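See below for the structure under consideration.
None of the values given here were measured: they were computed from a predicted structure. Numbers restart at 1 for each chain; the letters A, B, ... are given by sequence-line order, proteins then strands.
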Amino acid sequence: MAQSTYRAPKGTEDLLPVKARAWEHLARVAQDLFSRYGYEPIATPLFEATDVFVRGIGEATDIVGKEMYTFLDKGGRSLTLRPEGTASVVRAVIEHHLTANGQSAKLYYAGPMFRYERPQAGRMRQFWEIGVEAIGMGEPTLDAEVIVMLMRFFAAVGVPSERMRLLLNSMGDERCRPAYREKVASYIWKHAGDLCEECVRRAETNPLRAFDCKNEGCRTVMAGAPLLRDELCDECAAHYAEVRRILDAAGVTYVEDASLVRGLDYYTRTVFEVQAEGLGAQNAIGGGGRYDRLVEEFGGAPTPGLGFALGFERTLLALEAAGVEIPAPPKAEVFVARAGESAALVVFEVTRALRDAGVAAEMDHQGRSLKAQLKVADRIGARAVVIIGDDELASASAVVRDMSSGVEERVPLGEIAGRVASAGGR
RNA sequence: GUGGGUGUAGCUCAGUUGGUUAGAGCGUCGGACUGUGGCUCCGAAGGUCGCGGGUUCGAGCCCCGUCACCCACCCCA
């Protein structure tokens, strides 16, 4: 391997054309789909005051505890590269009063997120997410809308439905969750002997996270723990039931999973996660939930919110594992080849004219032989090659070669664009 | 932070119990066809064998160290 001095930093990757095209494809699908659901684009800075994430995501989370890229700028401010999108968007929504006086905001964004973790399959230090945040609406129809939209996205890009599943749960709210937390905490204390250290520690910081433990013993013990489903207050239970009712009516299949406790502190009520095969040890390609207290947490007026994020890399891994190809357009429809020195200017002009006429056209810039130019034309999938040399110059014409049939004909220079568009075209 | 695996041409990889000029396929470039692609044939370019030490007459192969990447734990997109 060439001894290159510089490499992309650990946990980051260069998106070379093949991959970058797949990226654009996902972004385009999301853009089309989400705008049909009434969502508008937003872009926030890649970094924020550190406190935005500490407050928003929660002190006790792994993200804040050990995964943030935090640094001091030259003014001594503590800044952090965004580890997720919700906190930034909520901050922006409040800062610009997007939900003042009962208004609501339906937003989507796409971009890189940063978490300092050990990279592995499906997990990068810089990874890309498409996210959606709907702020200012508390009705269960919104929960269902967002979930349906997420599932439609995965279907639209080609993740086979039999290779993914939707998990659903309710986390309760400030009325029912605290009491439930206590119940789980005391359950953990009672079974401390059979749980891992981490889970016992969780009893204090965030007992619900113990449901997330992958340790076999912990899972067994936690399977017997009280379920929030049975402890929800009337309002939360009704909200959850309504979300399920709407999803049922929409024909969305889901699995209720009482152990689905997402790793960010801000979630209330509805939480969901989409899992897929082919992601290595990972399984989530997207997830989200309601966060009805987050705006207040940031100092805004009480405002409900809901959102999800989905991962570019993981979605692509799922597609790859399922054998789904991202459609790739031909690089050029027409190649304009030069035979001999004197035709250089005419070749350039013909190429330019084709491009101006909306045709994807390419020409040689390396002084290749005609043979080599034909080879290139073939490789990039050109349907036709326009050949211009001394003979053609003399008669102000060009040879147009149909690359699939090999048939050639002489065409006056002025008629090339029209001829190529009809013959070499679709 | 902890564990495991792997580092040989642009890419994917061979490389026998350490032995002399380190190989293949693909790709690239050129030729067979002096202005014509795909198929075929021929040829060429391209390698500090990750890096640094050590053992040895001799190291891509063995030993030590180091770096990088990958995978897994943890957690998440």
### Query
When the distance from CG of L26(A) to P of rA77(B) is rounded to whole Å, what number comes out?
17 Å

### Message
Stacking between rA77(B) and W128(A), yes or no? Criterion: centroid separation under 5.5 angstrom, plane angle under 30 degrees.
### Response
no

### Query
Can you tell me if the side-chain N/O atoms of R368(A) get under 4.0 Å from OP1 or OP2 in rC29(B)?
yes

### Query
Taking atom C1' in both rU21(B) and rC64(B), what distance in whole Å separates the two?
31 Å

### Query
Which base sits across from rC61(B) as a Watson-Crick or G-U pair, both distances under 3.5 Å?
none

### Task
Answer yes or no: does a side-chain N or O of Q120(A) lie under 4.0 Å from OP1 or OP2 of rA72(B)?
yes

### Message
Please check this pair: side chain of D14(A) against backbone of L16(A), looking for a donor-acceptor N/O pair closer than 3.5 Å.
### Response
no

### Query
Taking the side chain of I387(A) as heavy atoms from C-beta outward, which of rC71(B), rC76(B), rG35(B) is closest to it?
rG35(B)

### Task
For G122(A), report the nucleic acid contact type (base, sugar-phosphate, nothing); a contact means any heavy atom under 4.0 Å.
base

#### Entry: Between rA45(B) and rA9(B) - C1' atom distance, rounded Å
11 Å

### Polar side chain donor-acceptor pair, T80(A) to T70(A), under 3.5 angstrom
yes

### Task
Nearest whole angstrom, please: distance from the C1' of rC39(B) to the CE of M403(A).
14 Å

#### Entry: Side-chain donor or acceptor of D292(A) paired with backbone N/O of G305(A) under 3.5 Å
yes

### Query
Rounded to the Å, how far apart are Y116(A) OH and rG1(B) P?
6 Å

### Query
Is the shortest side-chain N/O distance from R314(A) to OP1 or OP2 of rC76(B) below 4.0 Å?
no

#### Entry: Distance test, side-chain N/O of K371(A) to OP1/OP2 of rU36(B), below 4.0 Å
no

